[in-house]
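Remarks on the structure that follows.
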Amino acid sequence: MIIQLDEVTWIAGAYVSVKDISVVINLSNQIKILVYDTLHSFPDTYRVPKSNGQQQLQSYLMLKRSLQILRHWVSPQMLIDLNIKYVIIGHSERRHVFGEQDELIADKVGYAIENGLVVIACIGEKLEERNAGKTSEVNINQLKHIAGKVKDWSKVVIAYEPVWAIGTGVTASPEQAQEVHEILRKWLAENVSNEVAQSTRIIYGGSVNKGNCVALSAKADIDGFLVGGASLKEEFLDIIKFGVKN
């Protein structure tokens, strides 16, 4: 993910290795490193040099309820105890593999914010939904559920990730991505506030790589990237360098 925030560029790789982070962390004092890591890797990731003081750990998994004992889940309190400030909620695997519905995802978003976390809230349509002309309907419905639980929009980043483009090597064209981002921003303006619409970052994820990041970032409503598979490859450094230059 590459986002502009107060003139500081944020870089996040969903699967980025510790070796990669140790290489890129010294690229610029204007980079904020976000590492979306698995829990078992957190102890090792903590040992990565933090030369500019801006590396932070993030998590994918979060439990809605705080004290209920459910194995294989993570509560906001656990993340906060590890000094983790960000969490990804609503990613396609959670929706379509584990069956998390819009209502549960929205509840988790609200609960995370209430407990002091910043949320990367993922939305996106499946291929059959796009082919059926339901792209806007699906994404707006998912955003609507999330918006109903958000009390502080400064704690939310929306990630548009078309399911058909995640890990497939097929990327939404810059025009397709911009069209959805524009629709989402318009919905926020009309249903939340114009201020929220202008300040909320809407980032794109879905087979982002060094070959398409420039064209995608040129679009007015694409505020950054959530990088998945490419963060395991050398090209992730090229995406980061692009972010430093811009």
Output the distance between atom [atom1] ([X]) and atom [atom2] ([Y]), rounded to the nearest 0.5 Å.
X    : Y    : atom1 : atom2 : answer
Q142 : R95  : CD    : CZ    : 4.0 Å
K186 : N191 : NZ    : CG    : 10.5 Å
L184 : I202 : CG    : CD1   : 5.0 Å
Q176 : E179 : CD    : CD    : 8.0 Å
I203 : S217 : CD1   : OG    : 13.5 Å

At their closest point, which heavy atom of D223 faces which heavy atom of R201, and how far apart are they? OD2-CA, 3.3 Å
Minimal heavy-atom distance between S136 and I183, with the atoms involved, is OG-CD1, 3.1 Å
For a 4.5 angstrom cut-off between non-hydrogen side-chain atoms, does [X] reach [Y]?
X    : Y    : answer
E100 : I105 : yes
Y86  : L117 : no
I88  : C122 : yes
N212 : N209 : yes

Mind checking what makes side-chain hydrogen bond (donor to acceptor under 3.5 Å, both in side chains) contact with N141, not counting sequence neighbours? D102
What residues form a side-chain hydrogen bond (donor to acceptor under 3.5 Å, both in side chains) with D221, not counting sequence neighbours? Q178, R185
With [X] via side-chain contact (heavy atoms from CB on, under 4.5 Å) - residues at least two apart:
X    : value
A165 : P162, Y204
S193 : E195, V196
A215 : P174

Is there a side chain to side chain contact (heavy atoms under 4.5 Å, CB included) between L143 and L188? Walk through the geometry before answering. CA-CA 9 Å; L143 178 58; L188 288 174; 4.2 Å; yes
Give every residue pair that meets the ring-ring contact (aromatic ring centres under 6.0 Å, His included) criterion with at least one member in residues 151-183, sequence neighbours excluded. Y160-H181
Using the salt bridge (Lys or Arg N to Asp or Glu O under 4.0 Å) rule, collect all pairs that involve [range], keeping only residues at least two apart or in two chains.
range            : result
residues 118-127 : E125-R130, K126-E128
residues 154-169 : none
residues 137-152 : D107-K149

With side chain to side chain contact (heavy atoms under 4.5 Å, CB included) as the test, would you mind laying out the steps for V163 and L127 before giving the verdict? CA-CA 7 Å; V163 180; L127 182 60; over 6 Å; no
In chain order, what residues pass the salt bridge (Lys or Arg N to Asp or Glu O under 4.0 Å) check against K210, with sequence neighbours excluded? D238
Under a 4.0 Å N-O cut-off, is there an ion pair linking K219 with E182? no
Evaluate the criterion side chain to side chain contact (heavy atoms under 4.5 Å, CB included) for residue pair V208 and L226; output intermediate values, then yes/no. CA-CA 8 Å; V208 174; L226 182 60; over 6 Å; no
With sequence neighbours left out, the residues meeting ring-ring contact (aromatic ring centres under 6.0 Å, His included) with H145 are none
Mind checking who shares a hydrophobic cluster with V97, ILVMFWY linked at side-chain heavy-atom distances under 4.5 Å? F98
With I158 as reference, evaluate V119, I120, T200, N139 under the side-chain contact (heavy atoms from CB on, under 4.5 Å) test and give the passing residue. T200
Are W187 and V138 linked, directly or through intermediate hydrophobic residues, by side-chain heavy-atom contacts shorter than 4.5 Å (ILVMFWY only)? no
Answer with yes or no whether the hydrophobic clustering places I140 together with I123; edges join I, L, V, M, F, W, Y residues whose side-chain heavy atoms lie under 4.5 Å apart. yes
